[in-house]
Amino acid sequence: MIAHVHVDAPVITIDRPFDYEVPPQFETLIEPGMRVSVPFGSRRLLGIVTGVSEGTREGLKPLEALLDEESSLTDELLDLSTHVKETTLCFRSSALLAMLPAALKVSYDKEIKGETLPDGVRAGTHLSEYPKETQSIILALAKKGDILLAPVLKEKRTVKTDLVIELIDATLIPARAKKQQEAIKLLKDVPRMYWSSLRQIGLSRAQLQKMESLRAVKVTEVELNRDPYATIEQVIETVELNESQAKAVHAIRDAEAGETLLLHGVTGSGKTEVYLEAIGQVVDDGKQAILLVPEISLTPMMVKRFKRRFGDRVAVLHSALSQGEKYDEWRKIKRREVDVVVGARSAIFAPLENIGLIILDEEHETTYKQEENPRYHARDVAIWRAEYHECPVVLGSATPSLESYARAQKGVYRYLQLSERYGGEMPPVHIIDMRRELAKGNTTMFSEDLFVAINDRIAKKEQCVILLNRRGFTTFVMCRDCGEGLTCPHCAVNLTYHQHGDRLKCHYCGYEIGMPSKCPTCDSKKIKQFGTGTQKIETELLNRIPEARIIRMDQDTTSRKGSHEQLLKRFEDGEADILLGTQMIAKGLDFPNVTLVGVLAADATLGMPDFRATERTFQLVTQVAGRAGRGSLPGEAYVQTYNPDHYVIETASEHDYESFYAREMQLRQVGNHPPYWYVTLVTFAAESPLVAQAEAELFAADFVEAHVAQSRLNGPMPAPLSKLKNLFRYQLFIKTKHPEALYPVLATLQQARAKAISKKEYQLSIDVNPYVFM
DNA sequence: AGCACGCCGACT
DNA sequence: GTCGGCGTGCTC
């Protein structure tokens, strides 16, 4: 028997199946989708079995071990990996591994073998257990042949276990064994007990063993799940749906196999109720559902709602869980113990076998696109899986992406609207012209009107949310004498100032130095940071309103695990008047006592080299304004800008998606941007800018030669981030109307460069439907 | 990616 | 005469 195996090595020349002989003892156990350990050259690697065939062939090595008792990937997911590979131009192994929880990946080490070992080194131990110096001694000895190093593969997964103790015969325990008698007494009340609870009476492991050997009790080891939400009780609430919600639920239920529906509902229109109800119906039919949410809105509140509705039958997958917890959730799905999977992007690969509905909430969120290989978009994967399972996909948003809305307009997606808003009208939005503030001599980040409004809320014991649109501006350092900015020595970017530790960091390569006291170019002491951070804004606020109680949420205050939730909880409990933060506070928050929302620098991102900048600004302003007045109190929003007449500011402040869409689509058409064209970004990086440019030109020429129908090319041009980690970068934009014709051509061009890339002459990266253009 | 193999300079 | 530099090529 032969196994076809994809090995864990992300290299283009290895991106194909390798065949292995299946030893007889594995023949009845092996299945496609299993993880295996295989010899590969002089190494030993993790592999995924993608197929098995009968017969045998000369020169095959036997595979070494099966790492799973049953397949980790279903046939569907194996198929899907091919689709992901072809549409994102990644390696098959990358696609396969992206579908597995991190706990199922492995690390590689060397086991030390031999008779005569140096002092302190023992046979059977692993190389990585020793300090660096010892490691090099061992490696040197291995080279001489004095020590043998055997490659080993270390599993990361851990399964928490406990013992279950069952009473068989109480009379077998002698009366003088006091502790054992005590345990028996407990077991008479509860005949099956966990060791973790039984041991609390002070019973030792030896005493338990004694009881077992007397056959008074039976002891079995069981797997335990680390349940991070163990304490939530299931409550089946009957939700009263309004008319448009009920219509939406109906439409989802009646949807055709593989159909995509766009659910457009303003903030507060009750999309979550629609999700709960539609998923409830699917579950009642005996099928399963996936709900994807952006990481940021996967809040405890949100999770609690689903846990209450579906109890133990929900698996939650998000980054706040430990690797082990994620693995436990994943295994619950695999064992068919859940009906509903709620999670961030990668939850789209949940190994469900009978999916009846897939929902992407906040479908416009760019976090659904993975920015490293495999560069997949969860929306595309969702649509593929829905076709496979012949079930609908629901894309929900208050501010749909232009791509999705355009498809709904064309009838490719079915359009559903939720028009009614709980708590009445959207809050009024005041546009503040910051140019006028500046003319009045106000150099702070706050307009007079906003200060007055904040003061008013504090007096009324209501709460405010202040959002700094941080993207697009950073605090950098410049010399006031010579005008030199402090840049990263490895990348073409300014270093960013971090108050925490008084240091300068490069956000791209990790380079960091302490804040210098004088300019490295001219020795002047007039070196100073520019720009605005949340800390500076907090200071400005306190200068003006000293009694304000502020909770600041940014990278510095939320880096610790759980601090995010903690800060929100404190705000919810009324421990502060103002919640001040960056993008992270824009979504998912629902505090009834918030009646004022302020957006500072609403237009800060408009100048970025990104055709989606206006769309993002629209989404941000609309979403954040919707945060005000969620409770019984009326709310309002203040949007500060230097571009008060810009159509994005005007339409967002009127909550007018249609007008924004119409204007933006015109610009997209003129600029040949999505959704009119599908865009692919190809980036070339090399030590020499000339090599990067030359390779880009060569690629461009080859692409033109391939004559892909209805396609065009922009570039090559230097990337906006022209140097990164000491590599110079050029890029090429390929636009097409026929992506399915483009992918195979890109694959061919990529393959043709395999040798040069493996020789590290340059790096090539292909990003289909990019969201980052740097 | 790793790792071995192999063919030229520097050293005991 | 041997150690080790890293260019080249392969991994079922």
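Chain letters run A, B, ... following the sequence lines, proteins first and then strands; every chain starts at 1.
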Please tabulate the protein-to-nucleotide N/O contacts below 3.5 Å involving nucleotides 2-11 of chain C, giving atom names and distances.
from	atom 1	to	atom 2	distance (Å)
C/dT11	O3'	A/Gly41	N	3.0

Under 4.0 Å between a Lys/Arg side-chain N and an Asp/Glu carboxylate O for [X] and [Y]?
{"X": "A/Glu403", "Y": "A/Arg379", "value": "no"}
{"X": "A/Glu329", "Y": "A/Lys332", "value": "yes"}
{"X": "A/Asp767", "Y": "A/Lys369", "value": "yes"}

- [ ] Would you mind classifying the nucleic acid contact of A/Lys755 as base, sugar-phosphate or nothing, using non-hydrogen atoms under 4.0 angstrom?
- [x] nothing
TODO: Quick one: sort the A/His377 and A/Tyr771 rings into parallel, tilted or perpendicular, breaks at 30° and 60°.
DONE: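 Judged by the thresholds at 30° and 60°, the geometry between A/His377 and A/Tyr771 is tilted.
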Open item on the list: Main chain of A/Tyr376, side chain of A/Arg345: is a donor-acceptor contact present, judged purely on distance under 3.5 Å?
Closed with: no
Task: Along DNA chain B, first and last positions that approach a heavy atom of chain A under 4.0 Å - done: B/dA1 to B/dC3
Open item on the list: When you compare the side chains of A/Tyr388 and A/Glu76, does any donor N or O come within less than 3.5 Å of an acceptor on the partner?
Closed with: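 Note: A/Tyr388 and A/Glu76 side chains miss the donor-acceptor criterion.
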Open item on the list: When you compare the side chains of A/Arg92 and A/Ser81, does any donor N or O come within less than 3.5 Å of an acceptor on the partner?
Closed with: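 Yes - a donor-acceptor pair under 3.5 Å links their side chains.
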- [ ] Starting from C1' on C/dC12, measure out to CZ on A/Arg57 and report it in whole angstrom.
- [x] 7 Å
Open item on the list: Can you pull out every side chain to side chain donor-acceptor pair (under 3.5 Å) where at least one residue sits in residues 16-26 of chain A? Sequence neighbours excluded, please.
Closed with: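 Listed by first then second residue: A/His4-A/Asp19, A/Asp19-A/Arg57, A/Glu21-A/Thr56.
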